[in-house]
Amino acid sequence: TDKDKVKIIFSTAMILVVFISIAIILCIIIIQYFLSMDMMFKKGIYCILPALCFFSMNKVITSLMNGMSHMKWYAIIQSARNIFIAIGILIVSFTRADGGFLPISFSIAEFLILLIELRYLFKNSLFILRVSLYWIKTHFLFGTKILPANFILELNTKIDIICIGFLTNNNSLVGIYSFAALFAEGFYQLAVV
């Protein structure tokens, strides 16, 4: 209920997540130079890198919505993510673009979601840029404690795709299974919303 405190906590989290996302993106760009990858995979990496930053910011904003009990906005965002990703996949498919461009659907979806969330922030007067060293430390410590649990949670839903990739060495099979898993996860998210 203390809106000034919420603004500082939120603003600090956003600044922290942007800096961490940019650092990770730069690390990925540097590391990919030392790995031998086919061109399609490299295209996919470059297409999805913007999504990393946008997704991170969007998660902070949706956590704010959830914490402030703005559940209508939260439901809109959760639904829009799946809709935008599906539309992006269809656009890439219908334009018969190279498969390496398929991950751009995530970047576009997260960018569009961020635009909707900016409207939410301005409407609720939550958009400020103030930083608190106390909250940087608090957010960072919380993030390092929660990271292993979230990593296992995400890995749990993706481990079958990773195993299929290692065992079959068949990109088509992995792609079909990944699409089916994403589709199923989307229906699960609709139920959650």
Side-chain angles (χ1 to χ4, degrees), residues 1-28 47-92 103-154 157-158 182-193:
T1 57
D2 185 347
K3 207 164 187 179
D4 288 332
K5 188 175 180 182
V6 168
K7 287 179 183 180
I8 292 170
I9 293 168
F10 167 69
S11 181
T12 304
M14 285 295 282
I15 290 167
L16 188 61
V17 88
V18 166
F19 279 113
I20 291 171
S21 296
I22 290 171
I24 291 172
I25 288 169
L26 291 174
C27 287
I28 291 170
C47 286
I48 205 163
L49 283 179
L52 176 63
C53 194
F54 297 143
F55 180 76
S56 301
M57 291 189 291
N58 291 340
K59 282 303 232 185
V60 172
I61 297 169
T62 54
S63 295
L64 174 71
M65 291 173 183
N66 190 13
M68 294 185 70
S69 297
H70 294 162
M71 301 316 287
K72 286 181 183 176
W73 277 98
Y74 183 83
I76 289 167
I77 296 303
Q78 293 298 85
S79 300
R81 175 173 284 118
N82 296 315
I83 292 166
F84 290 153
I85 290 171
I87 290 170
I89 290 170
L90 289 173
I91 290 170
V92 172
I104 203 161
S105 59
F106 293 102
S107 294
I108 292 169
E110 293 302 327
F111 177 73
L112 293 173
I113 288 168
L114 184 60
L115 293 178
I116 295 169
E117 289 173 337
L118 288 174
R119 179 167 166 21
Y120 162 80
L121 292 174
F122 283 115
K123 182 178 181 186
N124 291 287
S125 303
L126 293 166
F127 193 82
I128 62 158
L129 289 176
R130 287 199 312 216
V131 180
S132 162
L133 293 177
Y134 168 78
W135 284 108
I136 285 177
K137 182 181 175 186
T138 303
H139 286 313
F140 194 77
L141 289 174
F142 177 76
T144 57
K145 289 179 183 177
I146 199 71
L147 181 66
N150 284 333
F151 184 74
I152 296 298
L153 181 67
E154 285 299 316
T157 60
K158 309 294 187 278
L182 177 70
F183 198 69
E185 193 174 325
F187 275 113
Y188 169 73
Q189 286 298 324
L190 287 174
V192 169
V193 171

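Position 1 is the first residue of the sequence, and the numbers go up from there. For clarity, every value in this text was computed on a predicted model and none was experimentally measured.
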If you measure from CD on E117 to CG on N58, what distance do you get to the nearest 0.5 Å?
4.0 Å

The ring pair (Phe, Tyr, Trp, His ring centres under 6.0 Å) partners of F19 (sequence neighbours excluded) come to none

Return the set of residues passing side chain to side chain contact (heavy atoms under 4.5 Å, CB included) with L112 (not counting sequence neighbours), or none when no residue passes.
F84, I108, L115

Who pairs with I25 by side chain to side chain contact (heavy atoms under 4.5 Å, CB included), at least two apart in sequence or on another chain?
I29, L49, L52, C53

Kindly give the heavy-atom pair with the smallest separation between I85 and A109, and that separation in Å.
CG1-CB, 3.6 Å

Just to verify, what does M71 make a side chain to side chain contact (heavy atoms under 4.5 Å, CB included) with, not counting sequence neighbours?
N66, Y74

Residue list, ring pair (Phe, Tyr, Trp, His ring centres under 6.0 Å) with Y120, at least two apart or on another chain:
H70, W73

Side-chain donor-acceptor pairs of residues 138-146 under 3.5 Å, sequence neighbours excluded:
{"residue": "T138", "atom": "OG1", "partner": "Y134", "partner atom": "O", "Å": "2.8"}
{"residue": "H139", "atom": "NE2", "partner": "I9", "partner atom": "O", "Å": "3.0"}
{"residue": "T144", "atom": "OG1", "partner": "F140", "partner atom": "O", "Å": "3.3"}
{"residue": "T144", "atom": "OG1", "partner": "L141", "partner atom": "O", "Å": "2.8"}

Under the salt bridge (Lys or Arg N to Asp or Glu O under 4.0 Å) definition, can you give me all pairs with a residue in residues 11-23, not counting sequence neighbours?
none

Value rounded to 0.5 Å, distance of CD1 in I15 from CZ in F10
9.5 Å

Any D4 side-chain heavy atom under 4.5 Å of I8 side chain:
no

Side-chain (S107) to main-chain (C47) donor-acceptor, under 3.5 angstrom:
yes

For I113, run the side-chain contact (heavy atoms from CB on, under 4.5 Å) check against I61, I83, I77 and tell me which one passes.
I77

Show me the pairs that pass salt bridge (Lys or Arg N to Asp or Glu O under 4.0 Å) and involve residues 60-88, at least two apart or across chains.
R81-E110

Quick one, L16 and V60 - any side-chain contact, counting heavy atoms below 4.5 Å?
no

Could you pull out all residues at least two apart from S21 that satisfy side chain to side chain donor-acceptor pair (under 3.5 Å)?
S56

Go through the structure and list residues passing side chain to side chain contact (heavy atoms under 4.5 Å, CB included) with I48, not counting sequence neighbours.
A51, P103, F106

Rounded to the nearest 0.5 angstrom, the OG-CG distance for S11 and L64 is 11.0 Å

Salt bridge (Lys or Arg N to Asp or Glu O under 4.0 Å) contacts in which one or both residues fall within residues 50-67, not counting sequence neighbours:
none

